[in-house]
Novice: 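Below you will find the structure I want to go over with you.
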Amino acid sequence: MRVTEFYIHTLREAPSDAQIPSDRLLRRAGFIRPVAAGVFNYLPLGYIVLRRIEQIVREEMNAAGAVELFMPVMQPRELWERSGRWDTFEPQPLRFKDRTGREFCMGPTHEEVITTLVADDITSYKQLPVTLYQIQTKFRDEIRPRGGLIRVKEFTMKDAYSFDLDRAGLDLSYDKMYEAYVRIFDRCGLQVEVVLAEAGSMGGFDTREFMLICENGEDTVFKCDACEYASNADCASSRPPQPLPAGDAAGPPELVDTPGAKTIEAVTRMLDTTADRLVKTLLCRAGDRFVAALVRGDRELNEGKLAAYLQTEDLRMANDEEVERLTRAQVGYAGPIGLPEAVTIVADHEIAAMQDCVVGANKTDAHIVGANVGVDFRPDDYADLRYVVAGDPCSECEDGRLQGYRAIELAHIFKLGTKYSEALGALVQDESGRQRAMVMGCYGVGVSRMMAAIVEQSHDDKGIIWPRAVAPFEVVILLLDPDDADLAIGAARLHDQLEARGCRVLLDDRQERAGVKFNDAELIGYPLRVVLGKRTKDSGQIELQRRRDGEQFNVPTDAAADDIMGILQEL
RNA sequence: CGGGGCGUGGCGCAGUUUGGCUAGCGCGUCGGCUUUGGGAGCCGAAGGUCGCCGGUUCAAGUCCGGCCGCCCCGACCA
């Protein structure tokens, strides 16, 4: 390929609204251009990279025994009614009606479609296991797109779905996908961390996320500094402290006036104490009952953990009116002492290690000091209810500490169980002739997000540094003097020889000054640069430079093609 | 949706405070000459409803109101 016959449009300066390196560089180098917030063009360079990533994914999926298919973007409402997700999926799918008034959504995911498909085709356990996948554009009406390709409304995703007769089969299918993912990221040069994760709106268990640690990521992961433990912040847990023995109370609790002190900060200031001596009482509504969640004053309640403990999906914070009814006080003074019997009290493990603490009095403008667990109030149960913070002790080893990192989520794998197969009637007969719901797994890779992640991980102040496997071209030949017939012929010959050897090579034959070509080559980030200029003629040597580290090589002109192929093999 | 910032040729910006005459600058683009191993020089040229609508005024890029778009921070996810 020649630059003059291709489509390369770099920008001298980065667009001013591009903030993070991947967005800045991908746009400046002419890989992507925004069309609307969270909606992008992939220009020819960007599209090559996207397809190369897709191809790696495809090869590894096939190698793992998955079979590719292609499903529609538009999905009828009825399908989503059957799974119960039409009104609950977040963010709400983009919806529209066709000319007859039939409602559809733009598929944000494909459990409904694939489960229905497989339900029709597969009726016997003998036809299992099956794993199907597609690489397709997904639509999510994100509340806020951001960070270039990191979070967008329209993106390329590989989604795979496994169907097994039982849990043991699912475990095998899941492990195969896990291994395939490890290979995918390895081939793309991405150093990912596999972390424990929550299932979110997909529903499921044993979920793992493949994360790239990166300051521009939107997720937070916690890793133990001593063992292998790594988890998304949403579900990270720390080792609970030793509970204090009961009966160590310093004295009886005392009601104190705290006029206007409705927040942890106000209470600590007014009582001249610290937040870790306060018990925060958060009233929640779970289904039709109320729960009081207790966490230390300086901690954040993790609603996901509480919902998991309560085994409900229907959990929310109580509203002001409910709080006032339960506490018979204004919002801001809830406490565990004297709540109605019907309110279940669940305390975070840390509460058991506190003594003489401050709690809300369930009375407007008042708190209770010197309150003690087991004496003045008794939680119905203890559980892990809080978000961990950096420095917390690891839950999995003796003396490790958790450290927090920002990360980009690149892939997510779940065990779904029978949630969708039951709802959508994906049943098979087992050996005994009984109907059983197929056991499903679901496995997603953010293909277009990977492109941004690679750039985030691999760039310098001059531009992108593509790993060879996904680079738009492996080699760029800079013909510095296109008007010199000898050089032009030599460059064309070298280009053709490399192409004949299967090399993805680009010849920069533009009428541009050397500096423009050098700078564009570094910005675009080809792994290997070949320069043909006056010096080539004088020395009989062709100059090569490796993008990653700037390492230079000189090879004799006549054997250049083979030498270049050799150097490429080592990249 | 809440909070903050920003909308002026393809890209980056000035001008808006204090309204005033043909709306400027750099890059890029087109033509010409020179130059030619790290984003060239000179000459000439094209390209803009100043985000949109309405209002104030003799006069609006500039003041007022409404709307739209984009970016960043918070609740979601590949």
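What's counted below: heavy atoms across the whole structure, side chains too, no hydrogens, waters or symmetry copies. Everything numeric in this text was worked out from a predicted model, so none of it was measured. Numbers restart at 1 for each chain; the letters A, B, ... are given by sequence-line order, proteins then strands.
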Novice: By nearest atom, which of the nucleotides B/A78, B/G12, B/G38 is closest to the A/Pro15 side chain?
Specialist: B/G12
Novice: Is A/Arg513 close enough to B/A40 that one of its side-chain N or O atoms is under 4.0 Å from OP1 or OP2 there?
Specialist: yes
Novice: Mind calculating the distance between CZ (A/Phe139) and P (B/C77) to the nearest angstrom?
Specialist: 20 Å
Novice: Would you indicate whether the side-chain heavy atoms of A/Met451 and A/Ile53 approach each other to under 4.5 Å?
Specialist: yes
Novice: Quick one: look up who B/U49 pairs with, Watson-Crick or G-U, both distances under 3.5 Å, and put none if it's unpaired.
Specialist: none
Novice: Check residues 60-67 of chain A and write down every donor-acceptor pair under 3.5 Å in which the side-chain atom is one partner and the other belongs to a residue at least two apart or another chain.
Specialist:
from: A/Glu60; atom 1: OE1; to: A/Arg183; atom 2: NE; distance (Å): 2.8
from: A/Glu60; atom 1: OE2; to: A/Arg187; atom 2: NH1; distance (Å): 2.9
from: A/Asn62; atom 1: OD1; to: A/Tyr133; atom 2: OH; distance (Å): 2.7
from: A/Asn62; atom 1: ND2; to: A/Arg58; atom 2: O; distance (Å): 3.4

Novice: Taking the C1' atom of each, how far is B/G54 from B/A46, in whole Å?
Specialist: 34 Å
Novice: When rounded to the nearest Å, what value does the distance between C1' atoms of B/C11 and B/G55 take?
Specialist: 34 Å
Novice: With a 3.5 angstrom cut-off on both distances, give the Watson-Crick or G-U wobble partner of B/G74, or none if there isn't one.
Specialist: B/C1
Novice: Please find out if less than 6.0 Å separates the ring center of A/Tyr526 from that of A/Trp466.
Specialist: no
Novice: Pick the P atom in B/C71 and in B/U29, then give their distance to the nearest Å.
Specialist: 27 Å
Novice: Nucleotides 1-9 of chain B: which of its N/O atoms have a protein N/O under 3.5 Å away?
Specialist:
none

Novice: Between B/C13, B/C77, B/G38, which nucleotide gets closest to the side-chain atoms of A/Ser16?
Specialist: B/C13
Novice: Taking atom C1' in both B/U16 and B/A23, compute the distance separating them and give it to the nearest angstrom.
Specialist: 12 Å
Novice: Taking the same atom, P, in B/G32 and in B/C52, what whole-Å distance lies between them?
Specialist: 36 Å
Novice: Using both distances under 3.5 Å as the test, list the Watson-Crick or G-U wobble partner of B/U16, or none.
Specialist: none
Novice: Could you tell me how far apart A/Glu300 (CD) and B/G74 (P) are, to the nearest whole angstrom?
Specialist: 13 Å
Novice: Heavy atoms from C-beta onward define the side chain here; which of B/G38, B/A78, B/C71 lies closest to that of A/Ala37?
Specialist: B/C71
Novice: What interatomic distance, in whole Å, is found between P of B/G5 and the corresponding atom of B/A45?
Specialist: 42 Å
Novice: In whole angstrom, what separates A/Glu543's CD from B/G38's P?
Specialist: 11 Å
Novice: Let me know the distance between CG of A/Asp219 and C1' of B/G74, rounded to the nearest Å.
Specialist: 15 Å
Novice: Please classify the nucleic acid contact of A/Val447 as base, sugar-phosphate, or nothing, using heavy-atom distances under 4.0 Å.
Specialist: nothing
Novice: Give the nucleotide from the list B/G38, B/G28, B/A78 with an atom nearest to the side chain of A/Arg151.
Specialist: B/A78
Novice: Of the nucleotides B/G28, B/G37, B/G12, which one has an atom closest to the side chain of A/Glu13?
Specialist: B/G12
Novice: From the options B/G37, B/G28, B/C76, select the nucleotide whose nearest atom is closest to the side chain of A/Ala514.
Specialist: B/G37
Novice: I want to verify a distance call: between B/C70, B/C76, B/G39, whose nearest atom is closest to the A/Arg28 side chain?
Specialist: B/G39
Novice: Assess whether atom CZ of A/Phe96 is packed by more than 12 heavy atoms of other residues, nucleotides or ligands within 6.0 Å.
Specialist: yes
Novice: Given A/Arg296 and A/Asp348, is the salt bridge (charged side-chain N to carboxylate O under 4.0 Å, His left out) satisfied, shown in steps?
Specialist: CA-CA 8 Å; A/Arg296 220 170 74 180; A/Asp348 181 73; over 6 Å; no
Novice: Side-chain N or O of A/Arg146 versus OP1/OP2 of B/G74: is the shortest distance under 4.0 Å?
Specialist: yes
Novice: When the P atoms of B/G61 and B/A75 are compared, how many Å lie between them, rounded to an integer?
Specialist: 42 Å
Novice: Examine the base of B/G38 for any acceptor or donor lying under 3.5 Å from a partner atom in the side chain of A/Glu522, and report the outcome as yes or no.
Specialist: yes
Novice: Name the pairing partner of B/G38, where a pair is Watson-Crick or G-U wobble with both distances under 3.5 Å, or state none.
Specialist: none
Novice: Please give the distance between the C1' atoms of B/C72 and B/G28 as a whole number of Å.
Specialist: 28 Å
Novice: Can you check the A/Met211 CE to B/C77 P distance for me, whole Å?
Specialist: 12 Å
Novice: Determine which nucleotide pairs with B/A23, using a 3.5 Å limit on both distances of a Watson-Crick or G-U wobble pair.
Specialist: none
